[in-house]
J.: 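My structure is below; once you've seen it, I'll send some questions.
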Protein chains: 2
Amino acid sequence: MATLKDIAEHAKVSILTAYYALSETQPVEPAIQSQVRAAAAAIGYKLNVTLRDVAALANVSVATVSYVLNNSAPVSQQTSRRVMDAVTVLGYRPNVTAKNLKTSKTRMIGYAWHPAYPEGYFNALLNHFIYAVTMSAEACGYRILTFVEATDNRSAAYEELIYTNHVDGFILSNTNSDDARIRRLMEMRFPFAAFGRANDSWSFPYVDVDGRAGIRLATEHLLSQGHERIAILGWPEGSLTGDERLHGYIDAMTAAHINLRSAWIVRTLNSVRLAYQETEKLIKQSEDERPTAIVALTDLMAIGVMRAIEDAGLRIGHDIAVTGFDDDPMATFIRPSLTTLRQPIDALAGQMIDMLMTWINEETQPSDRHFMFIPELIVRESSQTALHSS
Amino acid sequence: MATLKDIAEHAKVSILTAYYALSETQPVEPAIQSQVRAAAAAIGYKLNVTLRDVAALANVSVATVSYVLNNSAPVSQQTSRRVMDAVTVLGYRPNVTAKNLKTSKTRMIGYAWHPAYPEGYFNALLNHFIYAVTMSAEACGYRILTFVEATDNRSAAYEELIYTNHVDGFILSNTNSDDARIRRLMEMRFPFAAFGRANDSWSFPYVDVDGRAGIRLATEHLLSQGHERIAILGWPEGSLTGDERLHGYIDAMTAAHINLRSAWIVRTLNSVRLAYQETEKLIKQSEDERPTAIVALTDLMAIGVMRAIEDAGLRIGHDIAVTGFDDDPMATFIRPSLTTLRQPIDALAGQMIDMLMTWINEETQPSDRHFMFIPELIVRESSQTALHSS
DNA sequence: GTGAAAGCGCTAACAT
DNA sequence: ATGTTAGCGCTTTCAC
């Protein structure tokens, strides 16, 4: 491809004039304008400002321009100025694709959307999370490439992205024990940071919210309100996050010397509907037999719990207290408002990008790579009203 | 950089053996293995399978490999087979960066997260939308690059992405009249497709949900329930979407020959809190003076409306009916469940990607470029109960 | 039907 | 301090 300089010479004008004529950023005499356009047409040139154009205008070599732009070699003050002026005047932007090819970097970070869940699953938290991650990444000059994880082979899309040189690293969420994606990425020694833990024996950068401490906080809060007959709606065994959170309940109950009742430790999926059904079963006993408080593992489940309580003609908070987890924005707005645990999403996203940057740039995992955040208990109406009687 | 062939020759083994020794995908005699490794180390070679390696193994030129892989020129059956075998055996994946540089394409589509709103704004719909867009795009071999829009200069990030060759096109949402992003992209003739309209005089590919028809549906539903004193919570003037939706209310009321009351056409921001406050004002009059139904422009606002009604000691649906817009997943689960309008997100995302692909590939806007979807009225409890008295 | 070769726009030795 | 130049891995004309 020809350069601006070629056009300029062909049309017998200055580089700058050629640029103005082609870009229309500055008015140029009509005669000159058409002359330049003719020259461009003759050569089949389409305006596209590159390093070489900048170099030509600044009267330096392309290397110098590169040095100035990347600060990768000492350049004299005045040369530097000339280069920067040329850059400004021509509105030059580096072609990142070329740069990436040369440096074998992409300045892209992959993040997978998890397959949509059934039953209108939604998670405002992940929305907030990916937004926070994007912000942090952009502050470091990285961009986020989002993709969809296959349900059957969760690591396939990751490998594909790596092999085709699409990304420099990944951000993972929804981790679990024996997480196939984490196992594969570790084998490949490919940089990533996870929101959530996996196997204790695996060492990789992660941040996590201490669900055990969180649920313990919630349970203790209920205990301090005078509740003793507290049930919990957990997830099926095998979920790391679920088991951790459940443990927080056991911690608190044990510390309060209250015997656990297996019938009150319910395990079901993270769904409003299932939480509703399980709650129905829990509360259909007489007043002095049923629980006076229910700890739900998520706000989503808490909503099912609350509906079941109301549909049974009982009052939330009054007859049965409820707590959730996530501080979904709607937790404030539903009636009664929901006591829940808030996760410090912004801080944790920032920490993840920090660690990922270290791994990418130093080519070795950051030494401090395990960060645990304690969620904050937000007390609202669903657990507030003094205990009725008992 | 050296190629696999260089290593093979240096170590005096076949290309395949060199590959196996370096990749460890197949066992190789230890002696050979270290021999190959020594050769690689001597040259400073790091395994990275490229077109040239495939070509060398298949005994053809790189051009032929490219032809086979892209189907860009006729290749004989057997050559094609040899190439494909070599590709398989070496686990070759094309380097997209190189391909992009050569073709000036990136197979990336940009999508901006809108700045976080105050007051715990959340929108499950956009979450679903971007998921659907990602799926459709991947089906066409494109990926999504997400970024954050600046609040002060909404089009800046778009231009930056274009100038630096990051993307081939954009998906926009949250459009408005005089949308700066749309204006700029049209000036630049850069491919995009929008979820939402802008100025009628601008012609660009968009899909939209007919909010006017939707709100009309909701209002007619209320009218058919016997309501006549219907208020609406709209957005401030100047929002295209807001004004369209408001018009649907006016359409229905006018058709029913009911006089509009300006005090019942409220304009406020899309916020639970503000909707709450405006509702308080609306309903503090006596029973025969206040509205018996309130149309909210979004589910978010409807939640504020519902809380205000309950806090005033009134019953939703019974004393005052409520409708929303969006069919946010929570609309099913709140109590009472919310009558609302559902947008066909998957269909509309697919249509957008379709149009964008056409623009990118044909280098001209698709001829059919305006798609309007009618939202579906989902009747639930908040508007169901027969009107009390009046 | 296949191959040689010229770049895409950039970076970074290596010279000077 | 600045310039020359050889590629990064690929596509694609143009020969044969």
Side-chain angles (χ1 to χ4, degrees), chain A residues 1-6 43-56 58-83 86-87 90 92-107 163-166 168, chain B residues 1-6 43-56 58-83 86-87 90 92-107 163-166 168:
Chain A
M1 184 75 89
T3 66
L4 252 186
K5 190 176 179 184
D6 298 336
I43 304 184
Y45 175 85
K46 188 173 164 298
L47 183 60
N48 178 22
V49 180
T50 74
L51 257 197
R52 291 168 62 184
D53 298 321
V54 176
N59 251 305
V60 297
S61 72
V62 289
T64 303
V65 179
S66 177
Y67 296 147
V68 172
L69 260 32
N70 300 305
N71 218 328
S72 47
V75 174
S76 78
Q77 278 279 323
Q78 58 162 326
T79 308
S80 177
R81 262 221 76 68
R82 277 219 313 287
V83 170
V87 164
L90 297 177
Y92 168 76
R93 294 306 160 91
N95 178 321
V96 284
T97 307
K99 180 172 188 154
N100 292 345
L101 175 57
K102 191 65 198 170
T103 58
S104 302
K105 291 248 168 289
T106 65
R107 296 206 150 246
Y163 287 135
T164 55
N165 283 283
H166 262 101
D168 293 342
Chain B
M1 182 73 89
T3 67
L4 251 187
K5 191 177 180 183
D6 298 334
I43 304 184
Y45 175 85
K46 189 172 163 301
L47 183 61
N48 178 23
V49 181
T50 73
L51 256 197
R52 292 168 61 184
D53 297 321
V54 175
N59 250 305
V60 297
S61 73
V62 290
T64 304
V65 178
S66 177
Y67 296 149
V68 172
L69 260 31
N70 300 305
N71 219 328
S72 48
V75 174
S76 79
Q77 277 281 323
Q78 56 164 324
T79 307
S80 177
R81 260 221 77 68
R82 277 217 316 285
V83 170
V87 164
L90 297 178
Y92 168 75
R93 294 306 161 89
N95 179 320
V96 285
T97 308
K99 183 173 187 154
N100 292 344
L101 175 58
K102 196 63 201 168
T103 59
S104 303
K105 291 244 166 293
T106 65
R107 296 205 148 247
Y163 287 135
T164 55
N165 282 283
H166 266 295
D168 293 342

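Every heavy atom of this structure was used, including side-chain atoms; hydrogens, water molecules and symmetry mates were not. Letters A, B, ... mirror the listed sequences (proteins, then strands); counts begin at 1.
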J.: Taking side chain as C-beta onward, heavy atoms only, is A:Leu69 less than 4.5 Å from A:Leu51?
T.: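 A side-chain contact exists here, since the closest heavy-atom pair is under 4.5 Å.
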J.: Need one value for B:Asn70: base, sugar-phosphate or nothing, where a base atom within 4.0 Å counts as base even if backbone is also close, heavy atoms only.
T.: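 Sugar-phosphate contact only.
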J.: What is the distance, rounded to the nearest whole Å, between atom CG of B:Asn71 and atom C1' of C:dG1?
T.: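 Answer to the nearest Å: 14 Å.
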J.: Quick one: are B:Val54 and B:Leu90 in side-chain contact, heavy atoms under 4.5 Å?
T.: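 Yes, side chains in contact.
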J.: Is a side-chain donor or acceptor of A:Arg93 paired with a backbone partner of B:Thr164 at a separation under 3.5 angstrom?
T.: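 No, because the side chain of A:Arg93 does not come within donor-acceptor range (under 3.5 Å) of the backbone of B:Thr164.
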J.: What nucleotide among C:dC8, D:dT2, C:dT11 has an atom nearest to a side-chain atom of A:Arg52?
T.: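 Comparing C:dC8, D:dT2, C:dT11 against the side chain of A:Arg52, the answer is C:dC8.
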J.: Under a 3.5 Å distance rule, please check whether A:Ser66 uses its side chain to pair with a backbone N or O of A:Val62 as donor and acceptor.
T.: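 Side chain of A:Ser66 to backbone of A:Val62, a donor-acceptor pair under 3.5 Å: no, none is there.
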J.: Side chains of B:Leu47 and B:Leu4, heavy atoms from C-beta outward: is any pair under 4.5 Å?
T.: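 A side-chain contact exists here, since the closest heavy-atom pair is under 4.5 Å.
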J.: Mind listing the residues from residues 92-107 of chain A sitting with a heavy atom below 4.0 Å of DNA chain D? Number order is fine.
T.: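 Contacting residues: A:Leu101, A:Lys102.
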J.: When you measure from the side chain of A:Asp168 to the backbone of A:Thr106, do you find a donor-acceptor pair of N or O atoms at a distance under 3.5 Å?
T.: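 Checked: pair present.
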J.: Going by heavy atoms in the side chains, are B:Thr64 and B:Val75 under 4.5 Å from each other?
T.: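 They are in side-chain contact.
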J.: Both distances under 3.5 Å, Watson-Crick or G-U wobble: on that basis, could you give the dot-bracket string for DNA chain D, with [ ] for crossing pairs and | for other-strand partners?
T.: ||||||||||||||||
J.: Report which part of the nucleic acid B:Ser66 touches: base, sugar-phosphate, or nothing (heavy-atom distance under 4.0 Å, all strands).
T.: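 Touches a base.
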J.: Measure from the side chain of A:Tyr67, starting at C-beta and using heavy atoms only, and say which of C:dA12, D:dT11, C:dT11 lies closest.
T.: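 Nearest nucleotide to the side chain: C:dA12.
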J.: Round to the nearest Å and state the distance from A:Asp6 atom CG to C:dG9 atom P.
T.: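 So the two atoms are 13 Å apart, to the nearest Å.
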J.: Distance check needed: D:dG9 P versus A:Tyr163 OH, whole Å only.
T.: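 Spelled out: OH on A:Tyr163 to P on D:dG9 is 17 Å.
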J.: Ignoring backbone atoms, establish whether A:Thr79 has a side-chain N or O less than 4.0 Å from OP1 or OP2 of D:dT2.
T.: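 The answer is yes; a side-chain N or O of A:Thr79 sits under 4.0 Å from OP1 or OP2.
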J.: May I ask you to verify if any side-chain N or O of B:Ser61 is less than 4.0 angstrom from the OP1 or OP2 atom of C:dG3?
T.: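 So the side-chain polar atoms of B:Ser61 do come within 4.0 Å of the phosphate oxygens OP1 or OP2 of C:dG3, strictly under.
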J.: Heavy atoms, side chains only, cut-off 4.5 Å: are B:Val96 and B:Arg107 in contact?
T.: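 Heavy-atom side-chain distance check fails, nothing below 4.5 Å.
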J.: Among C:dT2, C:dA5, D:dG9, which nucleotide sits nearest the side chain of B:Asn48?
T.: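 The answer is D:dG9.
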J.: Output the rounded distance in Å from CG (B:Leu51) to C1' (C:dA4).
T.: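 So the two atoms are 15 Å apart, to the nearest Å.
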J.: Which of the following nucleotides, C:dG1, D:dT12, C:dT11, is nearest to the side chain of B:Ala63?
T.: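 Out of C:dG1, D:dT12, C:dT11, the nucleotide with an atom closest to B:Ala63's side chain is D:dT12.
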J.: Please report the distance, rounded to the nearest Å, between CZ in A:Arg81 and P in D:dT2.
T.: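 Computing the A:Arg81:CZ to D:dT2:P distance gives 15 Å.
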J.: With a non-hydrogen cut-off below 4.0 angstrom, is B:Ser72 in contact with a base, only sugar-phosphate, or nothing?
T.: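 It contacts nothing in the nucleic acid.
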J.: Could you tell me the separation between the OH atom of A:Tyr92 and the CG atom of A:Asn48, rounded to the nearest 0.5 Å?
T.: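 Answer for the OH-CG pair, A:Tyr92 versus A:Asn48, is 9.5 Å.
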J.: Figure out the CG/P separation between B:Asn165 and C:dC10, and round it to whole Å.
T.: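 One finds 9 Å between P of C:dC10 and CG of B:Asn165, rounded.
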J.: Measuring from B:Asn100:CG to B:Thr97:OG1, what's the distance to the nearest 0.5 Å?
T.: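 Taking CG in B:Asn100 and OG1 in B:Thr97, the distance rounds to 6.0 Å.
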J.: Can you check the B:Leu69 CG to D:dT12 C1' distance for me, whole Å?
T.: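 Roughly 15 Å, once rounded to whole Å.
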